[in-house]
2 protein chains.
Amino acid sequence: MRARTRETLQDRIIALIHERRLAPGALMPTEPQLMDLLGASRNSVREAIRALQALGIVEIRHGFGTFVGHAPLDVLSPSLTFRVRTRPGHGVRALHDLVAVREILETGLIGSVARDISEARLAALDALVTAMERDKEADRAFHSLLYESCNNELVLQLIGLFWDVYHEVEPALGPPEDRASDIVANHRRIVEALRNRDGSGAQEAMRLHFRDVKARIARAERWLDEAGQQPA
Amino acid sequence: MRARTRETLQDRIIALIHERRLAPGALMPTEPQLMDLLGASRNSVREAIRALQALGIVEIRHGFGTFVGHAPLDVLSPSLTFRVRTRPGHGVRALHDLVAVREILETGLIGSVARDISEARLAALDALVTAMERDKEADRAFHSLLYESCNNELVLQLIGLFWDVYHEVEPALGPPEDRASDIVANHRRIVEALRNRDGSGAQEAMRLHFRDVKARIARAERWLDEAGQQPA
DNA sequence: CGGCATTTGTCCGTATGTATA
DNA sequence: ATATACATACGGACAAATGCC
């Protein structure tokens with residue numbers, strides 16, 4: 001009976017947030033208050049809050065208080081990274097799946113972007129492409145800026161999440177072999193197609209970009225297989 | 001300093017899983033063992049494990065043990081649902097974003113499905129469409145079965161996740177107004193296009209399906225605005 | 001079926017670190 | 001600099017669930 005209560009303790013806290021109409025950023029009741037409201041001990045409350053924190057539903061600020069969170073998607077980053085790393089075969093398969101999803105999303109979005117992108121944004125994209133050779137973060141900013149005009153927060157966070165996970169496990173794929181100039185050229189092709197308001201051209205350029213990414217993964221699969229023969 | 005240790009405690013447990021090459025389903029060290037390995041108290045260990053459980057990285061079975069988890073995407077379901085519910089304006093905007101992502105994913109995938117779908121699978125889809133009038137779950141099964149041939153576990157879980165979140169919040173949208181026959185007709189059109197190996201036709205049918213879903217959300221937005229005038 | 005060991009669940013009390021005022 | 005409020009951490013104890021003999 002207590003077990004059922006404990007399992008729904010997180011849900012009861014969530015329900016409490018909804019009942020009180022607490023918006024993201026609002027201050028949560030303190031732990032003693034929650035102990036009283038939920039009829040649970042400090043430890044149980046703390047464990048429930050920890051779980052909610054891991055999901056981004058609450059945010060804890062040390063020595064200050066607990067706040068309602070915005071539940072951003074990047075809370076999934078550890079989980080997705082773990083997922084890729086624990087799949088058999090070094091998770092190359094899982095990584096391929098992840099890149100495939102990125103490709104579907106981005107090729108599906110780029111079409112509508114081509115219709116109404118501003119000159120200012122195109123210039124900003126140009127700047128990011130040139131910065132891409134030195135700064136890896138420019139690549140992330142590029143893919144984010146690209147879809148900002150969609151006014152879809154979920155899409156932006158999804159793409160950011162997948163980018164983060166990929167580039168976190170990417171070093172484990174072995175030596176790059178990719179010339180940075182090729183990556184830059186792929187991205188420049190995308191911008192050029194957008195400048196010409198060529199939606200299908202932009203889609204094709206995006207597919208070329210991901211073709212190279214997937215080729216890197218395929219090479220890594222062979223590389224890891226060979227390395228796997230010899231114990232590390 | 002202790003605070004930093006605590007924040008990395010989850011990471012240290014994850015690192016421990018990787019070092020020991022523990023695969024999903026494997027038995028984790030017990031809490032006393034983790035206390036010893038990590039040099040932390042039981043409460044700290046438990047809180048870290050709770051957070052990992054919320055992310056699907058470990059699974060806890062009361063009275064038995066803790067196991068390495070599979071980190072399925074549906075751990076995000078509470079977070080995404082919360083996100084939609086706490087957005088201002090009853091989260092209709094967030095729900096629209098979610099459906100938009102579903103549309104991009106499914107229209108992007110359906111093209112490749114049309115090329116190599118088997119007759120057996122088409123028959124199964126037919127059966128699900130007819131079952132759709134009575135059983136809501138048939139709709140979920142339909143969209144899952146549709147993309148099974150992609151061999152992309154991540155895609156399947158993503159689509160399932162979005163379906164779950166949408167249908168969990170959907171009742172709050174007010175009276176349906178949708179004739180179930182329309183939904184069935186939309187799905188039947190998709191299957192017919194697939195049977196004809198018509199990829200772009202299937203894409204168009206999928207877009208029609210989501211056009212109706214988005215129309216329902218738009219109606220709900222007006223409905224909730226009117227209802228919002230009068231305090232509930 | 002019952003009893004036993006193991007493991008997780010809950011709770012209490014207390015001490016410490018941290019941020020705000 | 002002090003005080004307060006809060007989160008963080010620790011240790012010990014008992015309850016509940018599970019698997020096994």
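Side chains are part of it too, since the values below use all heavy atoms of this structure and drop only hydrogens, waters and symmetry mates. So that the names make sense, note that chain A is the first sequence line, chain B the second, and so on, each numbered from 1. This structure is a prediction, so every number in the text was calculated from the model and none was measured.
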Any idea how A/Trp163 and A/His167 line up, ring-wise: parallel (<30°), tilted (30 to 60°), or perpendicular (>60°)?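 Rings of A/Trp163 and A/His167: parallel, under 30°.
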Whether [X] contacts [N] is assessed here as follows: a side-chain N or O lying under 4.0 Å from the phosphate OP1 or OP2. Is that the case?
X: A/Arg42; N: C/dC12; result: no
X: A/Thr66; N: D/dA7; result: yes
X: B/Arg46; N: C/dG9; result: yes
X: B/Ser44; N: D/dT8; result: no

Within the sub-3.5 Å range, which N or O atoms of nucleotides 2-5 of chain C have a protein N or O partner, and how far apart are they?
none

Take A/Leu125 and A/His187 through the test side-chain contact (heavy atoms from CB on, under 4.5 Å) and record every step on the way to the result. CA-CA 9 Å; A/Leu125 288 173; A/His187 285 79; over 6 Å; no
Is any side-chain heavy atom of A/Leu55 less than 4.5 Å from a side-chain heavy atom of B/Phe82?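 The answer is no, as the side chains (C-beta and beyond) never meet within the 4.5 Å cut-off.
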Counting side-chain heavy atoms from C-beta on, which of [options] comes nearest to [X]?
X: A/His62; options: D/dA16, D/dC10, D/dT8; result: D/dT8
X: B/Phe64; options: C/dT8, D/dC10, D/dT18; result: D/dT18
X: A/Glu31; options: D/dC10, D/dA17, D/dA7; result: D/dA7
X: B/Ser41; options: D/dC10, C/dT8, C/dC11; result: D/dC10

Which residue lies more 5' along DNA chain D, comparing B/Gly39 with A/Pro29 via nearest heavy atoms: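 Looking at the nearest nucleotide for each, A/Pro29 comes out on the 5' side.
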Could you check whether A/Gln10 and B/Arg50, counting side-chain N and O atoms only, form a donor-acceptor pair closer than 3.5 Å?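 Not at all, the side chains of B/Arg50 and A/Gln10 share no donor-acceptor pair under 3.5 Å.
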Expressed in angstrom and rounded to an integer, what is the separation of [X] atom [atom1] from [N] atom [atom2]?
X: A/Gln33; N: D/dC6; atom1: CD; atom2: C1'; value: 11 Å
X: B/Asp36; N: D/dG11; atom1: CG; atom2: C1'; value: 15 Å
X: B/Leu27; N: C/dT6; atom1: CG; atom2: P; value: 15 Å
X: B/Gln53; N: C/dT7; atom1: CD; atom2: P; value: 18 Å
X: A/Glu47; N: D/dA7; atom1: CD; atom2: P; value: 16 Å
X: B/Met35; N: C/dT8; atom1: CE; atom2: P; value: 12 Å
X: A/Leu9; N: C/dG9; atom1: CG; atom2: C1'; value: 12 Å
X: A/Met28; N: D/dA5; atom1: CE; atom2: C1'; value: 17 Å

What verdict does the side-chain contact (heavy atoms from CB on, under 4.5 Å) test give for A/Glu153 and B/Arg83, after you've listed the backbone C-alpha separation in whole Å, the side-chain angles of each residue and the deciding distance to 0.1 Å? CA-CA 11 Å; A/Glu153 203 182 345; B/Arg83 178 195 177 96; 4.0 Å; yes
Residues A/Tyr166, A/Leu173; criterion side-chain contact (heavy atoms from CB on, under 4.5 Å); working and verdict: CA-CA 10 Å; A/Tyr166 175 76; A/Leu173 291 181; 4.3 Å; yes
Cation-pi, A/Phe210 ring and A/Arg102 (6.0 angstrom, 45 degrees):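 Not satisfied by the 6.0 Å and 45° rule.
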Answer yes or no: side-chain N or O of A/Asn43 and base N or O of C/dG9 forming a donor-acceptor pair under 3.5 Å.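 No pair found.
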Dump the intermediate steps for side-chain contact (heavy atoms from CB on, under 4.5 Å) on A/Val84 and A/Asp97, then the final yes or no. CA-CA 10 Å; A/Val84 172; A/Asp97 289 356; over 6 Å; no
